[in-house]
Amino acid sequence: MTLAARITSSLPAPLRTQRGKTALAFAVALVLPFLGHNGGFTNFLADAGAFVLLALGLNIVVGFAGLLDLGYAAFFAIGSYSFAMLASPQFGIHLPFWLLLFIASGIAAVFGILLGAPTLRLRGDYLAIVTLGFGEIVPQTFLNLSQWTGGPNGIGSLDQPAIGPYKFGFDALPYYFMVLGLIALAVWVANNLRTSRLGRAWMAIREDELAAAHMGINTTTTKLAAFAMGASFSGLAGCALASKLQLVSPDQFGFNVSVFILAMLVLGGMGNIPGVIVGSLILSALERFVLPQGTNFLHSLHLNLDLTNSRFLIYGVILVMMMLFRPEGLIPSSQRKAELHAADDDPTAAAHEQTLYTEGVA
Amino acid sequence: MALLEIDNLVARYGRITALEGISLTVEEGEIVTLIGANGAGKTTTLRAISGLVRPASGAIHFAGRDISRLAPNEIVRAGISHSPEGRHVFPRMTVRENLELGAYTRTSKAEIAEDTARVLEIFPRLGERFEQKAGTMSGGEQQMLAIARAMMSRPRVLLLDEPSLGLSPKLVQTIFAVIRDINARGTTILLIEQNARQALAVAARGYVLEVGTIVHSGPAADLAASEAVRAAYLGGAA
């Protein structure tokens, strides 16, 4: 029995359903910040939550629609800068935060369509390379448009969210609860999309784009919808994180951010919403706690190794290990599991699958 | 006017001309077959009809309407369904999910249920495998699924590209029996086959395509009897 199954079977009956597990997870999330003994833990939770939002957004593009996007941080940048320009002294515009959540995700979605459109004819490696390019171009553009974006310094003194007279201030706790609310929204939206007509069209395109076109699926609008929906989630994350940090700057949105988010999907299980959340939390925790603590531990052994400097090496090793031993991710979607483990479960199925591919080529 | 009418269709891939002005018609209720060697342009013809290849010139009329500039999804909605060469079932989806996607352009749940029942009646095997992943089924079962899935859009014309490819002789018989059955239930069929003998046996009329040009056409029985066709496509004077 897998660990997940063992945990599930130990739960009381009402919590074993999907709805029950979701409710339980959110209940735990609500008390989590009060378990830490200092503000640092809450601060971590709020940041990690923003990355959960990003991972859920990228999961729509890569996990649902199968479009390998290596430049997702571009949309995160666009969402963050949209917020920063409309809620700071930069232009003297101070729109209300809650309105900006919609505006920033709307702007990010529009750019999802604009940057998605030139990639529509591309697949696989080629799509990855072009999105990689966009991921580099967008932060570079924000860096160079310094009369509007503050160049390398970025934009500071961003407005804080407020509910009536209550301002969020500098304590991480209200930001954490806001991010948690946004995650709940994002999970709800993503889950409904997954089972919707659009979601089925995404999965058809992921499985076989040609066949999807034969089914009467408009592959152009369906793929653009994936880019737009995925980007809109990053607009939410951008508002949340920028308002919490009170700052945006171009160096927050580099290639390593895109890869970090993609690694969350690979680790957790592409296409699976709980998997993506777990993968995202694990990598955030690794980044914030495990590597610095590990470094301290090594120092105490008089080993002068800085793990935080070699974190990409460590992520790389984790990804390679995942590909070797559990390519479907920690919590896989049933379809990826079927694809990658057909041979283990049922030798005849594997043989059939072999026939499928060889005959398909013939 | 014929249900499907292709007039002087030219299709190119870059500088290579795949179809050099072909014309053909399919009447309502007919089975028409298009035979020819590899590379003759058979698949290109079907892809042009279903909008996946944009014609360089010429017209394609379906039920009186010019469809040559429509997008593939609009053509499916208009009533033409295309079961592609190599089957292209969704391997990691179940038979049920594949059929649901076949009905993607439709909205009435009652009609979809009705059509699911109908294709399962034509292909009882798919009913037995209803919740099985398509990729784990045999080649013949996948071919049945590909045809059944194409039927789920309730087409007036069904385009079949090489349905017998890679199947055992016994399964080939089954597939051709099914093609007759579907046609008898009222669906018009344009069939591409390398198995010219079988194709001419089920079809009312046929066209022979050679490097982008139609070189023979006529009633299927006449083509099957013609010396030139026999020599080229039916393995000599068999």
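Below, chain A is the first sequence line, B the second, and so on; all start at residue 1.
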query = Which pair of heavy atoms, one from Ala213(A) and one from Pro72(B), lies closest together, and at what distance?
reply = O-CB, 4.3 Å
message = Give me the atom names and distance for the closest heavy-atom approach of Phe90(B) to Ala204(A).
response = CE2-O, 3.3 Å
ask   = Should we say atom OH of Tyr126(A) is surrounded by more than 12 heavy atoms from elsewhere, each under 6.0 Å from it?
value = no
message = Just verifying a value: how many Å separate Met93(B) CE and Arg206(A) CZ, rounded to the nearest 0.5 Å?
response = 6.5 Å
key: Value rounded to 0.5 Å, distance of CG in Asp208(A) from CZ in Arg87(B)   = 12.5 Å
task = Return the minimal non-hydrogen interatomic distance between Gly216(A) and Asn73(B), and the atom names on each side.
result = O-CB, 3.0 Å
Interface residues of residues 217-230 of chain A facing chain B - heavy atom cut-off under 4.5 Å = Ile217(A), Asn218(A)
query = Does some side-chain heavy atom of His88(B) sit less than 4.5 Å from a side-chain heavy atom of His214(A)?
reply = no
query = Does a sphere of radius 6.0 Å around CG in Leu324(A) hold more than 12 heavy atoms from other residues, nucleotides or ligands, not counting ones at 6.0 Å or beyond?
reply = yes
key: Arg106(B) portion near chain A, given a 4.5 angstrom heavy-atom threshold   = backbone
request  = Identify the two heavy atoms, one from Ala201(A) and one from Tyr104(B), that lie closest to each other, and give their separation to 0.1 Å.
outcome  = CB-OH, 3.5 Å
ask   = Which atom pair, heavy atoms only, marks the closest approach of Met215(A) to Gly102(B)?
value = SD-CA, 3.6 Å
request  = Counting only heavy atoms closer than 4.5 Å, note whether Glu74(B) contacts chain A via side chain, backbone, both or neither.
outcome  = neither
inquiry  = Show, in sequence, the C-alpha distance, side-chain angles and deciding distance for Arg200(A) and Leu101(B), and conclude whether the side chain to side chain contact (heavy atoms under 4.5 Å, CB included) test is met.
reply    = CA-CA 8 Å; Arg200(A) 287 192 294 139; Leu101(B) 279 167; 4.2 Å; yes
query = Rounded to the nearest 0.5 Å, what separation is found between the CE atom of Met203(A) and the CZ atom of Arg92(B)?
reply = 11.0 Å
Leu159(B), part contacting chain A, at a heavy-atom distance under 4.5 Å = neither
